[in-house]
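Letters go in sequence order (proteins before strands), and every chain restarts at 1. Heavy atoms only: backbone and side chains are in, while hydrogens, waters and symmetry mates are out.
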There are 2 protein chains.
Amino acid sequence: MQCANEWSCISETGCDCTPFSSWAAVCTLAHILADTMTDSQTDGAATESPMEFYEKLTAQGEAVKALKTGKAPKEEIDVAVKLLLQLKLDYKRVSGHDYKAGCPPTDSPASGESVPAAAEDGDDLVDPWTVATSNAKGIDYEKLIVRFGSSKIEAELIERMERVTGQKAHRFLRRGIFFSHRDMHQILDAYENKKSFYLYTGRGPSSEAMHMGHLIPFIFTKWLQDVFDIPLVIQLTDDEKYLWKDLTLEDCHRYAVENAKDIIACGFDVNKTFIFSDLDYMGMSSGFYRNVVKIQKHVTFNQVKGIFGFTDSDCIGKISFPAIQAAPSFSTSFPQIFNGRKDIQCLIPCAIDQDPYFRMTRDVAPRIGYPKPALLHSTFFPALQGAQTKMSASDPNSSIFLTDTAKQIKNKINKHAFSGGRDTIEEHRKHGGDADVDVSFMYLTFFLEDDEKLEQIRQDYTSGALLTGELKKCLIETLQPMITQHQERRKQVTDETVKQFMTPRKLDFHF
Amino acid sequence: MQCANEWSCISETGCDCTPFSSWAAVCTLAHILADTMTDSQTDGAATESPMEFYEKLTAQGEAVKALKTGKAPKEEIDVAVKLLLQLKLDYKRVSGHDYKAGCPPTDSPASGESVPAAAEDGDDLVDPWTVATSNAKGIDYEKLIVRFGSSKIEAELIERMERVTGQKAHRFLRRGIFFSHRDMHQILDAYENKKSFYLYTGRGPSSEAMHMGHLIPFIFTKWLQDVFDIPLVIQLTDDEKYLWKDLTLEDCHRYAVENAKDIIACGFDVNKTFIFSDLDYMGMSSGFYRNVVKIQKHVTFNQVKGIFGFTDSDCIGKISFPAIQAAPSFSTSFPQIFNGRKDIQCLIPCAIDQDPYFRMTRDVAPRIGYPKPALLHSTFFPALQGAQTKMSASDPNSSIFLTDTAKQIKNKINKHAFSGGRDTIEEHRKHGGDADVDVSFMYLTFFLEDDEKLEQIRQDYTSGALLTGELKKCLIETLQPMITQHQERRKQVTDETVKQFMTPRKLDFHF
């Protein structure tokens, strides 16, 4: 009995996850941070007693100890520790005390106002900086939509988009990769009525290296820009990365400029697109800081504590940063583009983990006289090791980088891409593979344009006709030319081109 | 027995203070907000138990109730309520619980780290937004110096300044109005060694109307600029006023520009002075926001909570604002003036209530590679009603405005200036007046240049030879021409001049 070479990747990942119920099950999102704003729904929230938190916390403390004793991988320990810290925070909120091992809470809870509004029904963590799960029950995006108070992108909305724009929906829409929205019908109304709106998306430049997952919002935004023919602003939060990471201001700014090259290589039109570094643009705009201050006046520490989980030990830069990511949602942040008009609505395509920023933004908007931004939310792009977490630039083995060579891409996929196949070729032929948990198949869902071919692959893999090695080969052959082409386009991006994109200026639209 | 007309002001103020022990005793500063930074001294701090705070808090609650029932003046109630809120905050810090009337604290205090470091030995309040006392024991500036960790301006320092600069010390120095400093000897060393430094002061533009008290730092800064011949930057914190007050951004900015005219009328040299509105300059400088973010990364919410008394209900704009007042202390915030040099030390003349900002700044400076700013601290400029609080633009009767007519000045002084005289002329002649509590005499100390004449007035008033009416007349005759001249100079300040001062540009210094 022969074990196909490529199966070995399963044991090499050090990952012991069980299969998900759906390919789209990128990660279980049970621990959703509290949404204290009016825009969301918190009715599903189950408040727990201090004692329940105390017991959870004690158990998690033991779990961390066990992981450390067992010399578990650093990543796993980090996730467990982050969970522990989150639980400590929650415990303090509901009990009014710091957690002390061996000292269960008394029956004097703190005043009700600070009880977290979010439900906890698992041990998972999702915020704009971390996506991680320690169990693998499978994601429930439907539940997430209910909890975030957003709306599902139904077939009917996709059909309307196609009808209104006269364009076939992007594969990210057809395949549920962009799965949730806020006020997208309002945007389509505006489009039908020839009312202006604009696109806003962004990136946190934490390193020079961007990976494939980073491209998702940009690929989709490029498509939206082509379809709607509207202005686009792209924020590079170099200030955020400086505040959160152990990096110098100069490095963060340099990463922003380097990342801009990869973004430009996605094919954006320089006449319709403004890319900006926060560190630069804050010092170049008469509108940006004014909007930041307006937002900062209308959001309290209690609110950002609830939404983002900040604590008293966080620096004041982190605490006030959400206003800086919020501000580009308002057209007055770009007087050079919108000629001072404050009524131009914004549409934000982003991964769902960025939604907390924009729930906050939508809560503030009417109070400062601006329209609420609309949103299109995507799922996370899974790590090579499996959908328990998203691709991360800080873990090279979890990611295919835009700088990887054809050979590196081949090796990474063959070696690390979590497989839904069986242990032996014989078993695979007999029982078939599980496309729903197979990372190679997931990646094809993101990048293989041909619907029929994708469906054929799914059927063949599920039936056992297609082996994991063959599936991986198909992915490799899809990604290699894609990345090579990206690298070639990036080479064409000169410093002069970057400068053009990043210069505050009027775009080819008249307001 | 005849009661001189002007004495009546005593009963009209609604103020029942007892005489201070010294004219300089502007206000009792017992409740100094905590200084958690390394730059200060907290060894004198007496930590109190939750029960002690609970009892204080209960008593203060009763006091507020009594004031409200008794329909006390709004100002008095406001002070009492602010004290109550501060006590609640302190109580929560030491007990870990919110205060509940009738529920004394249990014996489970929160973790020690958040116990306030400041001593409480009275019911007074001083922070950058409020200076108020409900008792009148008289100020102890010496104690304040110890508690803030600053240094007294000794005769020896004044002599050194005169020796080094070859100029007679300004009356504000001779008379102890600027009474405290940090690192002034270091500045004089720099001056002797021909090393560069620069001046930074500022103003919060909360209304168009500036009063005489607002001029103190500018009069002194102008003198420093003349003596040292160095660049000066003046910050107008229109963003701060927007965050703290119920004002629009547009109003705050307009006030900034109007206030700039009064500041310019003090006689600053446009070739050596840069005046800026935060709202404008943040969007015009490649250096300012970068320094703001650097500072914001190195200060936690715990720290600003300790220094400024912020709470979880404060907006994130207030919480992060201290970094914006701190940033001009670093020369890289003005690349157009200092050519990118980061080693130019800053000297900040300001009222002592602004010191919390700069204690924070001095704590952060070495951690981000910048020199600590040096400081010169002034006392508060007393309200007409007496030295229990400082002159406030929001209470017209407490202030002489720079827009007041000669007649208004005369009437305000005659009607409102708290007098240290006796109830009748006969008693006054017999026992003499108390110059130390007499507001008219205090004002003369600020504005009458002639030392001998001032001393003569003090002696005559104390002996009874000079009546209150005569003292007030002397003050009126000092202020009227001073204000008239100011108004004439202000009229000369055109919009073009303001624009010149407020344009980021190189000054007449080479770096």
> Is chain B contacted by the side chain of A:D280, its backbone, both, or neither, given a heavy-atom distance below 4.5 Å?
Replying inline: both
> Are the side chain of B:D278 and the backbone N or O of B:D239 linked by a donor-acceptor pair below 3.5 Å?
Replying inline: no
> When heavy-atom pairs shorter than 4.5 Å are enumerated against chain B, which of A:T300, A:L243, A:I295 gives the highest number?
Replying inline: A:T300
> Would B:Y281 and B:F274 count as a ring-ring contact (aromatic ring centres under 6.0 Å, His included) if you check the C-alpha gap in whole Å, the side-chain angles of each, and the deciding distance to 0.1 Å?
Replying inline: CA-CA 11 Å; B:Y281 187 57; B:F274 172 47; 5.1 Å; yes
>> So for A:Y289, is it side chain, backbone, both, or neither that comes closer than 4.5 Å to the heavy atoms of chain B?
In response: side chain
>> Ring of A:Y242, cation from B:K297 - is the NZ or CZ under 6.0 Å from the centre and inside 45° of the axis?
In response: yes
> Non-hydrogen atoms of chain B under 4.5 Å away: do they reach the side chain of A:L249, the backbone, both or neither?
Replying inline: side chain
>> Tell me which of these, B:M284, B:H253, B:K294, has more heavy-atom pairs under 4.5 Å with chain A than the rest.
In response: B:K294
>> Using only atom types and a distance under 3.5 Å, with no angle test, would you say the side chain of B:R362 pairs donor to acceptor with the backbone of B:P373?
In response: yes
> Does NZ or CZ of A:K318 lie under 6.0 Å from the centre of the six-membered ring of A:F310, at an angle within 45° of the ring axis?
Replying inline: no
